[in-house]
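Read the structure below first, then the notes.
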Protein chains: 2
Amino acid sequence: MARKTDLLPGTLDMLILKTLTRGALHGYGIAASIKNLSEDVLTVEEGSLYPALQRLLLQGWVRAEWKITETNRRARFYTLTAAGRKQLGHELSQFDQMIAAIGRVLQDA
Amino acid sequence: MARKTDLLPGTLDMLILKTLTRGALHGYGIAASIKNLSEDVLTVEEGSLYPALQRLLLQGWVRAEWKITETNRRARFYTLTAAGRKQLGHELSQFDQMIAAIGRVLQDA
DNA sequence: GCTTTATCCATAGCTTATCTATGGATAGAA
DNA sequence: TTCTATCCATAGATAAGCTATGGATAAAGC
């Protein structure tokens with residue numbers, strides 16, 4: 001399909017949750033953090049990010065509050081909840097399991 | 001989202017192509033091979049598999065011919081084409097890059 | 001001979017994740 | 001004052017994968 005994707009589908013929620021373990025951040029900051037840590041390999045488009053944050057809010061995995069940034073702007077800061085931390089654990093272990101399984105299929109034999 | 005997925009989305013074509021590097025196989029055999037090699041972690045549903053094979057055929061990455069199996073059944077055997085082998089290379093390197101990038105985001109710091 | 005199970009193909013319709021394309025607003029730099 | 005970077009958000013399109021079906025046959029078990 002020559003899929004043109006900026007992310008591995010299915011990993012965005014996990015990446016956001018993980019990013020928030022480093023402290024509360026607003027949307028723009030989350031995207032920037034993922035982009036930087038991934039060394040520009042992963043790009044989170046805003047049209048993916050904000051719907052994802054809505055999902056996470058609805059699930060109760062993050063909490064949001066409006067604050068003022070260091071750059072003097074209004075922004076919604078997202079914080080990981082206890083449930084979110086637990087969810088992250090689940091997603092991480094499932095991801096590891098999948099990657100390991102894919103690795104077994106991909107290895108020569 | 002508590003996504004219920006049997007695969008990491010975006011990896012199915014790659015898994016199929018890789019499976020065919022081990023020799024021609026029919027659909028059922030491809031699914032069985034992936035399931036076995038992954039130790040039952042990855043399950044390819046038929047509703048995912050056959051549309052995927054159609055995509056691969058359309059792209060010219062696999063070729064198909066009807067044959068008789070060792071168990072005496074008619075089945076479509078799929079073979080990797082040269083273009084398919086090339087495509088597999090692309091997908092593998094992109095996948096590796098993505099996994100490495102995700103790893104950087106997921107690691108503690 | 002009959003039933004069951006495993007093997008094999010395939011499609012229609014649904015769901016959902018992600019992307020593209022917009023639109024809007026403001027702070028600070030140039 | 002113009003431009004760029006920072007910030008929010010949604011609508012609509014695309015496409016991948018799943019669920020649910022439907023059909024057919026070989027072989028084994030009874």
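Note that this is a predicted model, so its numbers are computed, not measured. Within every chain, numbering begins at 1; the chains are lettered A, B, ... in the order of the sequence lines, protein sequences first and strands thereafter.
In the hydrophobic clustering of ILVMFWY residues, with side-chain heavy atoms under 4.5 Å counting as a link, A:L42 and A:Y28 come out apart.
Formation of a donor-acceptor pair under 3.5 Å by the B:T19 side chain with backbone atoms of B:L15 is found in this model.
Each end of the helix from C:dG1-D:dC30 to C:dA30-D:dT1 yields a helix axis from five base pairs, and these two axes differ in direction by 20° (to the nearest 10 degrees).
Annotation: side chain of B:Y78 is not in contact with side chain of B:L56 (no heavy-atom distance under 4.5 Å).
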May I have the list of side-chain donor-acceptor pairs in residues 97-104 of chain B shorter than 3.5 Å, sequence neighbours left out?
residue	atom	partner	partner atom	Å
B:R104	NE	A:L37	O	3.4
B:R104	NE	A:E39	OE2	3.4
B:R104	NH2	A:S38	O	2.9

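We find that NZ of B:K67 is positioned 14 Å from P of C:dC8, with the value rounded to whole Å. Atom P of nucleotide C:dA17 and atom OH of A:Y50 are separated by 19 Å, given to the nearest angstrom. Here the P atom of nucleotide D:dA13 and the CD atom of A:E45 are 19 Å apart, to the nearest Å. As rounded to whole Å, 8 Å separates atom P of D:dC8 from atom CZ of A:F77. Atom C1' of nucleotide C:dC8 and atom CH2 of B:W66 are separated by 8 Å, given to the nearest angstrom. As rounded to whole Å, 13 Å separates atom P of D:dA5 from atom NZ of A:K35.
Remark: nothing in residues 23-33 of chain A comes within less than 4.0 Å of DNA chain C through any heavy atom.
The base of C:dC9 sits within donor-acceptor range of the side chain of B:E46, with an N or O pair under 3.5 Å.
Of all heavy-atom pairs spanning B:T81 and B:R63, the tightest one is CG2-N, 4.0 Å. Taking every heavy atom of both residues into account, A:D6 and A:T43 meet most closely at CB-O, 3.2 Å.
The residue B:T43 sits apart from the nucleic acid: no heavy atom pair falls under 4.0 Å.
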Check nucleotides 27-30 of chain C against the protein and report each pair of N or O atoms closer than 3.5 Å, with its distance, or say if there are none.
residue	atom	partner	partner atom	Å
C:dA27	O4'	A:R73	NH2	3.3
C:dA27	N3	A:R73	NH2	3.4

Output one line per pair: protein atom, nucleotide atom from nucleotides 2-5 of chain C, and distance, for all N/O pairs under 3.5 Å.
none

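Side-chain proximity of B:S48 to D:dG17, C:dA10, D:dA9: nearest is D:dG17. For A:P9, taking side-chain heavy atoms from C-beta onward, the closest of the listed nucleotides C:dT11, C:dT20, C:dT18 is C:dT18. The side chain of B:P51 has C:dT11 as its nearest neighbour among C:dT11, D:dC8, C:dC9.
For A:Y50, the side-chain contact (heavy atoms from CB on, under 4.5 Å) partners two or more places apart in sequence, or in a different chain, are A:E46, A:L53.
For the pair A:T5 and C:dC19, the criterion of a side-chain N or O lying under 4.0 Å from OP1 or OP2 is met. Phosphate proximity of D:dG17 to B:R55: present, with a side-chain N or O under 4.0 Å from OP1 or OP2. Here B:R74 does not reach the OP1 or OP2 of C:dT7: none of its side-chain N or O atoms lies under 4.0 Å away.
Comparing B:Q54 and A:L12 by the nucleotide of DNA chain C that holds the closest heavy atom to each, the one mapping nearer the 5' end is B:Q54.
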